[in-house]
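The structure appears right after this line, and notes come after that.
Predicted model only: the values in this text are computed from it and were never measured.
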Amino acid sequence: MATDTAGRRRSKRWTVFRIIKWIVIVAILLLLAPYVLVLVYKPHAVKPVSTLMIGEMLTGRAYERQWVAFDDIAPVLVQSVMMSEDGQYCAHDGVDWSELNSVIDDALDGEATRGASTIPMQTVKNLFLTNSRTVIRKGLEIPLAMWSNQIWGKKRTMEIYLNVAEWAPGVFGVEAAAQTYFGVAAKDLTRRQAALLAVTLPNPIERNPANPTRNLGKLASTIQARARQSGAYIKCLYD
């Protein structure tokens, strides 16, 4: 009787151990998968989809996205997005450490914090992570951004970002956004249209570049002026 009881206990412990082992293995595979996918997404022929697009598909909702090559995107749009989202894009390794450190210092001092996400960080978040604002997500995002920046390079990273960014509910990528809001292809965007699209990115659910509020229009004018003077900042993309 005692032998049977001990055997059952050992069997139960072994079952629990196997469950834990498989949970750990699955967790490791999930953590490593994005790093492998970064390698898969390096060729320009590959057209990645974001987690939001996958969510739309899984829930049966339609979404718009027409992939467009980097060279078929108006340079004024690229300039505007860089000046709006990541002015040091060509200078950092995927993470703007000085900006990130400033945000951390503000948080430690109890001050209101601002975003410190670079374009590589936003790209890997869109492709592999969720929109939740947590320390865990940021901890996963930083090494992924540095890895993708190293593997893809600046031009491929920008190409992917502009093709997976959400510009409105169900509207992904600059080509769909340009056609939806202005009825033109991404290569034909004007400087003003490009600036309006760029300042829509931080809040695409509430901002409408085709019908901007006064504040959004002023912000677009600021970005438009910066984009005109961005030559020294975009050399990594147009060398």
Side-chain angles (χ1 to χ4, degrees), residues 19 22-70 72-73 77 81 84-86 115 117-145 147-148 152 156-186 196-213 216:
I19 292 173
W22 280 110
I23 290 175
V24 171
I25 290 173
V26 170
I28 291 173
L29 290 175
L30 289 174
L31 289 173
L32 292 178
Y35 291 88
V36 176
L37 287 173
V38 166
L39 296 172
V40 173
Y41 293 163
K42 183 178 181 179
H44 287 272
V46 179
K47 302 172 182 178
V49 296
S50 69
T51 53
L52 285 176
M53 292 183 209
I54 294 172
E56 296 288 289
M57 289 187 288
L58 292 177
T59 54
R61 294 193 295 267
Y63 69 85
E64 296 180 57
R65 199 278 291 270
Q66 299 90 41
W67 186 276
V68 61
F70 178 83
D72 291 326
I73 299 172
L77 185 280
V81 168
S84 178
E85 297 286 290
D86 188 356
S117 290
T118 61
I119 285 175
M121 292 168 71
Q122 293 180 57
T123 304
V124 297
K125 180 203 71 176
N126 289 342
L127 290 177
F128 308 122
L129 304 172
T130 68
N131 286 326
S132 61
R133 296 174 63 87
T134 65
V135 175
I136 293 176
R137 195 209 78 191
K138 191 63 69 175
L140 295 172
E141 191 177 288
I142 289 173
L144 265 174
W147 172 245
S148 65
W152 293 337
R156 176 60 171 166
T157 299
M158 182 64 77
E159 180 182 61
I160 293 175
Y161 176 65
L162 294 177
N163 277 287
V164 300
E166 183 182 28
W167 257 284
V171 177
F172 297 90
V174 65
E175 183 69 20
Q179 293 183 18
T180 296
Y181 287 120
F182 302 116
V184 300
L196 286 166
L197 284 174
V199 297
T200 298
L201 280 172
N203 192 353
I205 305 302
E206 297 183 3
R207 296 180 179 181
N208 184 338
N211 186 26
T213 62
L216 191 64

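- When every heavy atom of Asn126 is checked against every heavy atom of Ala165, the shortest pair comes out as ND2-CA, 4.3 Å.
- Around atom CG of Leu32, more than 12 heavy atoms belonging to other residues, nucleotides or ligands sit under 6.0 Å away.
- Here the shortest heavy-atom pairing between Ser84 and Ala198 reads OG-O, 3.6 Å.
- Residues Pro120 and Asp86 are in side-chain contact: their nearest non-hydrogen atoms beyond the backbone lie under 4.5 Å apart.
- Expressed to the nearest 0.5 Å, how far OG1 of Thr130 lies from CG of Leu52 amounts to 9.5 Å.
- Proximity of Glu141 to Phe128: side-chain heavy atoms (C-beta onward) are nowhere separated by under 4.5 Å.
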Can Leu140 and Leu31 be said to form a side chain to side chain contact (heavy atoms under 4.5 Å, CB included), step by step? CA-CA 8 Å; Leu140 295 172; Leu31 289 173; 3.6 Å; yes
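- Nearest heavy-atom pair, Gly139 versus Pro143, reported as atom, atom and distance to 0.1 Å: O-CD, 3.0 Å.
- Trp167 is listed as a side-chain neighbour of Leu162, based on a closest heavy-atom distance under 4.5 Å.
- Once rounded to the nearest 0.5 Å, the distance linking OG1 of Thr118 with CD1 of Ile142 reads 9.0 Å.
- At least one side-chain heavy atom of Leu216 sits under 4.5 Å from a side-chain heavy atom of Val199.
- Ser117 and Lys138 share a side-chain donor-acceptor pair at under 3.5 Å.
- Arg65 places no side-chain N or O within 3.5 Å of a backbone atom of Val164 that could act as its donor or acceptor partner.
- Using a 4.5 Å cut-off on side-chain heavy atoms (C-beta onward), Leu197 and Tyr181 make contact.
- With a 4.5 Å cut-off on side-chain heavy atoms, Trp67 and Asp72 do not count as touching.
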Go through it in stages, so that I can follow the logic: the residues are Glu85 and Leu201, the test is side chain to side chain contact (heavy atoms under 4.5 Å, CB included), and I'd like the CA-CA distance, side-chain angles, deciding distance and then a yes or no. CA-CA 8 Å; Glu85 297 286 290; Leu201 280 172; 4.2 Å; yes
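- The nearest pair of heavy atoms linking Ala69 to Glu159 is CA-OE2, 3.4 Å.
- In plain terms, the two heavy atoms of Pro169 and Ile205 that are nearest each other are CG-CD1, 3.8 Å.
- The salt bridge (charged side-chain N to carboxylate O under 4.0 Å, His left out) contacts involving residues 44-61 comprise Glu56-Arg61, where partners must be two or more places apart or lie in separate chains.
- When all heavy atoms of Leu127 and Val49 are compared, the closest pair comes out as CD2-O, 3.5 Å.
- For residues 204-213, every residue pair satisfying the side chain to side chain donor-acceptor pair (under 3.5 Å) rule, not counting sequence neighbours, is listed here: Asn203-Glu206.
- Annotation: the span from Tyr161 atom OH to Ser50 atom OG amounts to 11.5 Å, rounded to 0.5 Å.
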After noting the C-alpha distance and the side-chain angles of Lys42 and Arg156, does the key distance pass the side chain to side chain contact (heavy atoms under 4.5 Å, CB included) rule? CA-CA 7 Å; Lys42 183 178 181 179; Arg156 176 60 171 166; 5.6 Å; no
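- For residues 170-179, the set of pairs meeting the side chain to side chain donor-acceptor pair (under 3.5 Å) definition, not counting sequence neighbours, comprises Glu175-Gln179.
- Glu64 has its side chain out of reach of Phe172: every pair of non-hydrogen atoms, C-beta onward, lies at least 4.5 Å apart.
- Residues Leu39 and Trp147 form a side-chain contact, since some pair of their non-hydrogen atoms from C-beta on lies under 4.5 Å apart.
- A distance of 10.5 Å separates OG1 in Thr51 from CG in Leu58, rounded to the nearest 0.5 Å.
- Going from atom CG of Asn163 over to atom CE of Met53 covers 8.0 Å, rounded to the nearest 0.5 Å.
- The distance from atom CD1 of Ile23 to atom CD1 of Ile28, rounded to the nearest 0.5 Å, is 12.0 Å.
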